[in-house]
Student: 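Quick one: this structure, given as structure tokens, is what I'll be asking you about.
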Amino acid sequence: MAAPTLEPTAKAAKPQTITMAKALNAGLRAAMEADPKVLIMGEDVGKLGGVFRITDGLQKDFGEHRVLDTPLAESGIIGTAIGLAIRGFRPVCEIQFDGFIFPAFDQIVSQLAKLHYRSQGKLRVPIVVRVPFGGGIGSVEHHSESPESYFAHTAGLRVVSCSNPVDAYWMIQQAITSDDPILFFEPKRQYYSSKAELDTSATPQPLHTSRVLRTGTHATLVAYGPSVKVCLDSAAAAAEDGIELEVIDLRTLSPLDLGPVYDSVRKTGRLVAVSESPMEASLNSEIATRVSQECFYSLQAPVLRVNGFDTPYPPSKLEEDFLPDLDRVLYTVDRSLAW
Amino acid sequence: MAAPTLEPTAKAAKPQTITMAKALNAGLRAAMEADPKVLIMGEDVGKLGGVFRITDGLQKDFGEHRVLDTPLAESGIIGTAIGLAIRGFRPVCEIQFDGFIFPAFDQIVSQLAKLHYRSQGKLRVPIVVRVPFGGGIGSVEHHSESPESYFAHTAGLRVVSCSNPVDAYWMIQQAITSDDPILFFEPKRQYYSSKAELDTSATPQPLHTSRVLRTGTHATLVAYGPSVKVCLDSAAAAAEDGIELEVIDLRTLSPLDLGPVYDSVRKTGRLVAVSESPMEASLNSEIATRVSQECFYSLQAPVLRVNGFDTPYPPSKLEEDFLPDLDRVLYTVDRSLAW
Amino acid sequence: MSSPERWTAARPDTPAATAATPTAEQVIAGLRATSEGGADLVQLLTPEGERVTHPDFDIDIEPAQLRALYRDMVLVRRVDRESNALQRKGELGLWVPLLGQEAAQVGAGRAMKPQDMAFPSYREHGVAFCRGIDPADLLGTFRGTDHGSWDPLEKKFGLYTIVIGNQVLNATGYAMGQRFDGKVGNTDGNGNHADDDEATIVFFGDGATSQGDVHEGFVWAAVYDAPLVFFCQNNQWAISEPTERQSRLPLYQRARGYGFPGVRVDGNDVLACLAVTQWALEECRRGNGPVLIEAFTYRMDAHTTTDDPSRYRLSDEVEEWKLKDPIERVRAYLARNGLAEHSFFEEVQAESDELAERLREACVNIPNPPPERIFANVYAEPNPVLDAEREELMSYLASLEDVHSGGEH
Amino acid sequence: MSSPERWTAARPDTPAATAATPTAEQVIAGLRATSEGGADLVQLLTPEGERVTHPDFDIDIEPAQLRALYRDMVLVRRVDRESNALQRKGELGLWVPLLGQEAAQVGAGRAMKPQDMAFPSYREHGVAFCRGIDPADLLGTFRGTDHGSWDPLEKKFGLYTIVIGNQVLNATGYAMGQRFDGKVGNTDGNGNHADDDEATIVFFGDGATSQGDVHEGFVWAAVYDAPLVFFCQNNQWAISEPTERQSRLPLYQRARGYGFPGVRVDGNDVLACLAVTQWALEECRRGNGPVLIEAFTYRMDAHTTTDDPSRYRLSDEVEEWKLKDPIERVRAYLARNGLAEHSFFEEVQAESDELAERLREACVNIPNPPPERIFANVYAEPNPVLDAEREELMSYLASLEDVHSGGEH
Ligand SMILES: Cc1ncc(C[n+]2csc(CCOP(=O)(O)OP(=O)(O)O)c2C)c(N)n1
Ligand SMILES: Cc1ncc(C[n+]2csc(CCOP(=O)(O)OP(=O)(O)O)c2C)c(N)n1
Ligand SMILES: [Mg+2]
Ligand SMILES: [Mg+2]
């Protein structure tokens with residue numbers, strides 16, 4: 001994990017080692033303590049604490065009117081959250097799994113994304129939609145998807161994704177204090193595997209900024225969420241062969257913060273973008289397009305993409321071949337270097 | 001209009017001049033006559049013939065069980081169409097306006113797109129979802145959107161768009177005979193303004209192929225649906241200044257048929273992609289990415305995009321500035337040429 | 001076995017929805033179905049202008065109040081007709097007529113207290129009027145200069161919502177918030193109901209009842225005891241589709257399956273609409289919400305100015321409904337019972353002429369928004385990517401002249 | 001005014017959904033609410049194994065048929081327990097237990113005719129069994145080797161659907177198709193009901209009733225008179241949420257608002273489930289559909305093998321329901337009335353042991369799908385873009401060794 005080396009925690013007082021799940025839980029708790037208008041809504045987020053236990057203990061401590069076990073309907077969750085936001089609340093909605101956000105798509109695209117624009121700023125809908133996303137958990141259909149590009153394509157929404165416990169802790173609080181609606185994508189397979197030292201007294205970096213996690217000279221890897229660890233591992237492996245890869249964690253998917261990527265590519269001349277989502281018309285397409293424009297004269301090879309394939313998510317016995325992994329990333333880096 | 005110059009109709013017997021609306025109506029009628037399993041479903045598609053009259057007269061001639069005025073709910077339209085398709089019917093669903101497809105998004109993404117895969121080919125859902133799309137009609141919110149990229153990003157769906165009456169007539173029939181689910185995007189503002197000679201005895205070109213509408217040497221314009229006319233007009237205007245622009249009508253958005261685009265760019269060295277949809281993570285991003293890869297050594301300027309902006313569709317008094325038009329296309333061509 | 005007592009069977013007067021080309025009997029039955037509200041219809045003023053009583057929903061009303069309701073309806077109708085005319089003149093891109101639904105909207109609008117919140121669909125010009133919104137402020141949306149111009153929080157009237165059903169869930173959430181804020185079911189020092197308790201009312205049509213969002217609104221509101229009045233204006237048509245395309249049963253009976261009250265009121269009777277909505281809102285403020293009201297009315301004009309009703313409905317039906325005009329019955333009642341001078345009617349007429357004049361004036365003077373507006377308020381907080389797009393458009397617009405001259409080419 | 005007669009009020013035995021931390025009374029009330037079906041519950045065999053009659057839904061049944069139902073339930077439970085164990089052993093990634101719902105599923109499954117179609121949710125292993133699907137064919141989905149392996153058209157049993165509510169609309173469309181195909185309400189030459197008429201049955205849970213898709217299915221089925229039985233297994237829980245998070249009223253009463261029958265049946269009474277479902281399917285085949293059935297039952301095990309019910313429900317509740325076991329009451333009835341020899345019970349036991357053995361065998365021998373399968377059947381027709389992606393993966397996999405050796409680097 002990259003987290004321990006992250007700037008913010010460097011000067012940690014008595015930092016504690018925690019998982020991403022615990023970091024999110026702590027971040028939510030801090031946000032609820034800071035603002036009585038913050039609500040948590042979703043299926044099984046109360047007594048159960050969510051199927052991933054991210055909201056564990058919050059209903060017990062804040063009560064049933066701050067942590068709502070809602071009826072089973074996602075459009076209802078987002079649609080009522082919008083009304084609550086108009087009333088002055090700051091709902092944090094949990095979508096139980098990535099594949100179950102689609103019943104809410106209309107409320108998200110037609111209302112959540114547009115109300116501030118439609119009302120010329122008179123209505124604010126500061127809602128955070130938490131989405132555990134990505135594969136690699138050996139689950140059944142609809143439980144391993146990466147729908148983030150749909151939302152990055154939707155004007156009026158902000159989209160972010162955390163890749164480590166420290167970012168998780170800070171980013172969820174920053175998202176909740178934002179006055180814009182934010183889709184918050186959490187790499188579910190790392191909820192408990194990703195651990196880091198958290199110094200709650202540190203100053204977090206601004207929400208909508210990307211970050212260079214590792215510097216290198218031969219090529220650049222850009223990723224977000226669950227693919228960040230894949231890229232860091234790839235870079236470590238490549239280093240043993242004398243290949244120095246720069247690794248950038250996007251963190252913000254809309255708006256994109258590609259400045260550090262441009263700087264990096266101007267240096268390395270090569271970029272490989274890694275994401276689990278389908279490839280066609282995806283965030284990686286946008287990144288490749290913009291880098292190809294901005295770094296037109298610096299690129300020594302075309303931007304290459306490592307994505308999930310343009311198929312439905314396969315049965316889990318096949319996900320190892322479906323998901324970008326160290327081998328496929330390095331294979332693509334080789335292709336880029338050999339261009 | 002480019003249509004009269006199109007190959008298929010060149011050898012027209014006694015061709016008739018018809019509008020895109022009439023061409024679609026004739027195509028639907030032909031499909032219903034050819035196959036009794038073809039149904040038409042949607043809001044107001046019966047007695048009224050649809051708000052754009054595309055299904056005019058079909059209920060009268062084929063009856064209420066072939067042309068269904070459904071209850072007012074898009075998830076219900078697509079969800080029941082899927083069941084009817086499983087039963088052996090071939091439903092053609094009309095979504096009244098682009099902005100109203102989102103209530104059906106879950107059924108489209110979670111069922112329509114996945115049933116063939118999930119069932120390992122045992123279930124086929126040959127459904128055509130007709131979507132009048134695009135702006136420039138001076139209408140109110142939600143009536144001028146371009147949601148095609150959401151579906152191009154969705155594995156398991158096919159996506160096409162017609163740009164003239166001749167293609168409209170053939171493509172709707174080809175889509176209905178396809179065994180895959182197809183999103184069929186119709187440039188609504190051209191329903192009645194776009195006229196062409198139709199020779200119903202001609203042989204249509206395959207559905208999932210793009211087409212060069214005009215050849216040129218200085219730069220290439222690629223577009224689909226309503227933007228094709230904008231590009232043809234731009235090319236005509238540029239020609240007066242001695243700039244020869246090649247114009248390609250994509251026709252198929254998923255799968256993309258970029259072969260002709262690569263060939264063209266290898267010749268011109270410059271590409272401008274035009275679309276009304278928001279830009280971030282859109283089809284134009286995919287086109288730019290692939291062309292930047294495939295034509296890496298031929299490109300003399302980065303691929304430039306002319307899109308709707310990454311905002312909700314604005315009040316209609318502003319759409320003239322929002323939508324790609326001749327001036328903005330030529331302005332961008334100039335930027336490309338000046339690179 | 002299958003006995004109607006066991007569950008609600010389809011009413012004999014609602015023809016089977018799957019009926020193919022209808023028989024003469026069915027046409028007549030259909031006519032009756034859309035022109036008669038049935039036994040449960042709450043009515044206080046007959047189409048002939050006779051005051052009748054109702055066991056549950058009667059109401060005491062001062063002549064002055066009744067005259068005010070009459071005035072509201074006349075002015076609202078004038079706003080509607082004038083806007084329709086403005087569209088015909090090309091000053092508006094579109095208009096959504098409320099003709100015929102004045103009583104439903106004025107009755108509901110006047111039943112609200114200042115602190116109550118309303119979420120409209122797109123046809124609620126009459127409710128907007130009651131909420132104190134200047135009719136001229138409605139026009140921007142239809143002229144294409146804005147997507148809604150009033151302050152929904154200040155006016156306690158949401159923006160028009162075009163995607164059918166969406167606003168029902170938003171209203172449900174807002175009503176949940178009123179409860180969470182402790183604004184429901186309070187009593188003052190003397191144990192009387194607190195008069196600053198709040199409720200929400202949401203407007204939608206007969207066609208909207210088929211949307212999943214409306215159902216989910218019913219589910220949420222019931223489960224959270226939300227102080228919400230679901231006000232369904234059944235104007236008999238969803239564009240070209242009659243109500244039996246949406247339901248076997250009268251729509252107010254839909255509430256039976258959720259466990260809250262459903263009442264059908266004569267939507268052309270402003271008194272009944274006022275009485276029933278006042279009761280429903282008060283039930284909600286006291287914590288007995290939600291409540292469903294079906295206002296049985298009729299869309300006298302086209303769906304919108306782009307619609308052609310002659311393609312799908314019989315003129316007899318429209319004629320039938322002309323006899324139930326919401327304004328005429330009040331005028332008759334006021335006049336017959338000497339509750340209004342002739343001068344009153346003339347004053348209202350004059351006032352509506354002035355209003356129409358002001359409306360025309362205002363409409364043509366709405367300024368066109370500047371191009372920057374395309375990018376304004378997409379986000380509440382800064383967005384550099386979007387800023388860059390704005391800059392791009394601005395520099396392009398600045399350069400337009402050169403491009404036109406085509407000099408560079 | 002607000003009288004319960006006027007509309008369906010919340011049952012006294014359903015505690016207010018917004019109740020904060022419950023009182024002792026409420027806990028007991030809750031227990032009763034989830035363990036007693038109420039007055040309208042259709043029951044033919046009591047938990048103690050006593051045969052009772054019902055005015056509307058009685059049924060004549062041969063001892064052999066009853067023994068067959070017993071056998072079905074025992075085998076289905078064994079399949080469930082064995083699969084659960086296979087998950088514990090790591091042979092399955094997940095299992096969704098049906099423990100406690102055997103009677104609801106076998107009763108419904110055996111009520112179907114061969115030509116009827118079923119659309120399941122994801123817990124209908126018992127219905128699958130009745131449709132002749134080899135239990136081993138259910139395992140691939142949970143082992144991660146497929147998303148469903150049987151032929152839904154051949155078995156007349158749809159694939160498992162995980163997105164809550166989706167299948168209800170798909171089933172509605174299929175049932176509409178049965179009607180459009182003329183397979184509903186036919187009579188043979190002698191005016192008797194044709195026995196090749198068809199119906200569809202769709203399965204969903206108590207939590208699913210909140211989804212918009214389920215409502216839209218109710219609307220469509222009612223408007224198109226679809227031959228569809230909505231079979232809701234109310235197992236009292238949607239993961240951690242009790243039924244009162246979804247509705248104020250007993251769920252079978254939801255049908256009242258749509259104008260078709262709603263019946264609550266003892267979901268732990270296989271006889272009653274068989275009788276009510278047979279009646280409902282026949283109503284549909286005759287053209288009197290749709291019908292809603294609420295099978296009042298209980299999820300005895302966890303929601304799935306990853307769930308921990310101890311976090312949200314009382315063990316007393318589970319104990320209560322143990323006394324209503326769907327299999328025990330049939331065993332008691334058969335034995336007490338000498339309708340089955342001791343040997344019969346032993347045979348069934350032996351048969352279930354064999355079945356379990358076969359299942360274990362089959363499970364571990366399910367072949368892993370080859371990588372190409374990722375791309376198989378995404379489309380029915382050729383897709384060059386996807387073909388290119390497959391080729392890319394294949395050539396990459398071929399090259400893997402080199403990459404591992406890292407020679408190139
Ligand atoms: C989700 C959605 N689908 C379709 C439409 C197009 N449309 C606009 S109004 C309308 C009919 C609405 O009928 P009803 O609910 O009865 O309201 P009314 O217009 O009669 O007041 C339709 C289908 C829409 N606005 N939103
Ligand atoms: C649209 C959607 N949202 C959420 C989920 C996650 N989920 C799976 S099962 C379940 C509870 C379903 O409860 P119920 O409908 O009562 O069926 P049961 O599992 O009790 O048989 C939930 C919330 C899902 N599968 N689909
Ligand atoms: Mg209507
Ligand atoms: Mg359940």
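The analysis underlying the following values was restricted to heavy atoms, covering all of them including side chains, and did not include hydrogens, waters or symmetry mates. Chain letters run A, B, ... following the sequence lines, proteins first and then strands; every chain starts at 1.
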Student: Return yes if some donor-acceptor pair links the side-chain N/O of R66(A) with the main-chain N/O of V38(A) below 3.5 Å, else return no.
Tutor: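 Checked: pair present.
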Student: What residue, out of F180(C), Y379(C), W150(C), has the most heavy-atom pairs lying under 4.5 Å from chain A?
Tutor: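 Heavy-atom pair counts peak at Y379(C).
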Student: Using heavy-atom distances under 4.5 Å, tell me whether L123(A) contacts chain C through its side chain, its backbone, both, or neither.
Tutor: side chain
Student: Could you look at L157(A) and say if it's the side chain, the backbone, both or neither that has a heavy atom under 4.5 Å from chain C?
Tutor: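 Contact with chain C is through the backbone of L157(A) alone.
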Student: So which of R118(A), H116(A), K122(A) has the largest heavy-atom pair count under 4.5 angstrom toward chain C?
Tutor: H116(A)
Student: Side chain from CB out, backbone as N, CA, C, O: work out which of these in A171(C) comes under 4.5 Å of a heavy atom of chain A, or both, or neither.
Tutor: neither
Student: Which of parallel (below 30°), tilted (30 to 60°) and perpendicular (above 60°) describes F203(C) and F231(C)?
Tutor: tilted
Student: Pick whichever of Y174(C), F119(C), Y160(C) has the most heavy-atom pairs under 4.5 Å with chain A.
Tutor: Y174(C)
Student: Determine yes or no for a side-chain-to-main-chain donor-acceptor pair under 3.5 angstrom, with R251(A) supplying the side chain and V160(A) the backbone.
Tutor: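 Side chain of R251(A) to backbone of V160(A): no pair is present.
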Student: Under 3.5 Å, side chain of Q115(C) to main-chain N/O of D195(C), donor-acceptor pair present?
Tutor: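 Confirmed, Q115(C) side chain pairs with D195(C) backbone.
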Student: For R158(A), is there any backbone N or O sitting under 3.5 Å from a side-chain donor or acceptor partner on S254(A)?
Tutor: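 Looks like no, no N/O pair under 3.5 Å.
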Student: So which of P103(A), S75(A), A155(A), P181(A) has the biggest tally of heavy-atom pairs under 4.5 Å with chain C?
Tutor: S75(A)
Student: If you take the centroid of each ring, where Trp contributes its six-membered ring, are W95(C) and H125(C) closer together than 6.0 Å?
Tutor: yes
Student: Which residue out of V378(C), V219(C), N377(C), V168(C) racks up the most heavy-atom pairs below 4.5 Å with chain A?
Tutor: N377(C)
Student: Under 3.5 Å, is there a donor-acceptor pair between the side chain of Q178(C) and the main chain of A199(C)?
Tutor: yes
Student: Under 4.5 Å heavy-atom distance to chain C, tell me which part of A81(A) shows up: side chain, backbone, both or neither.
Tutor: neither
Student: Sort out for me which of G88(A), G156(A), G121(A) touches chain C most, counting heavy-atom pairs under 4.5 Å.
Tutor: G156(A)
Student: Quick one: which of P382(C), A221(C), P384(C) has the most heavy-atom pairs under 4.5 Å with chain A, could you say?
Tutor: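 Most heavy-atom pairs within the cutoff with chain A belong to P382(C).
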Student: Report the option among D213(C), I162(C), T161(C) that has the most heavy-atom pairs separated by less than 4.5 Å from atoms of chain A.
Tutor: D213(C)
Student: Keeping the roles fixed (side chain from R130(A), backbone from L183(A)), state whether a donor-acceptor pair exists under 3.5 Å.
Tutor: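 Side chain of R130(A) to backbone of L183(A), a donor-acceptor pair under 3.5 Å: no, none is there.
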Student: So what's closer than 4.5 Å to chain C heavy atoms on R124(A): side chain, backbone, both or neither?
Tutor: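 The answer is the side chain of R124(A).
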Student: Between N166(C), V163(C), T200(C), which shows the greatest number of heavy-atom pairs under 4.5 Å with chain A?
Tutor: N166(C)
Student: State plainly whether the residues D206(C) and R245(C) are in salt-bridge range, i.e. N to O under 4.0 Å.
Tutor: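 Result for this pair is no, no salt bridge flagged.
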Student: Which residue, N186(C), D116(C), D196(C), forms the side chain to side chain contact (heavy atoms under 4.5 Å, CB included) with R285(C)?
Tutor: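 It is D116(C); the other options fail the test.
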Student: For L112(A), is it the side chain, the backbone, both, or neither that has a heavy atom closer than 4.5 Å to a heavy atom of chain C?
Tutor: neither
Student: Which one, S119(A), S178(A), P91(A), S110(A), leads in non-hydrogen pairs under 4.5 Å with chain C?
Tutor: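 The option with the most such pairs is S178(A).
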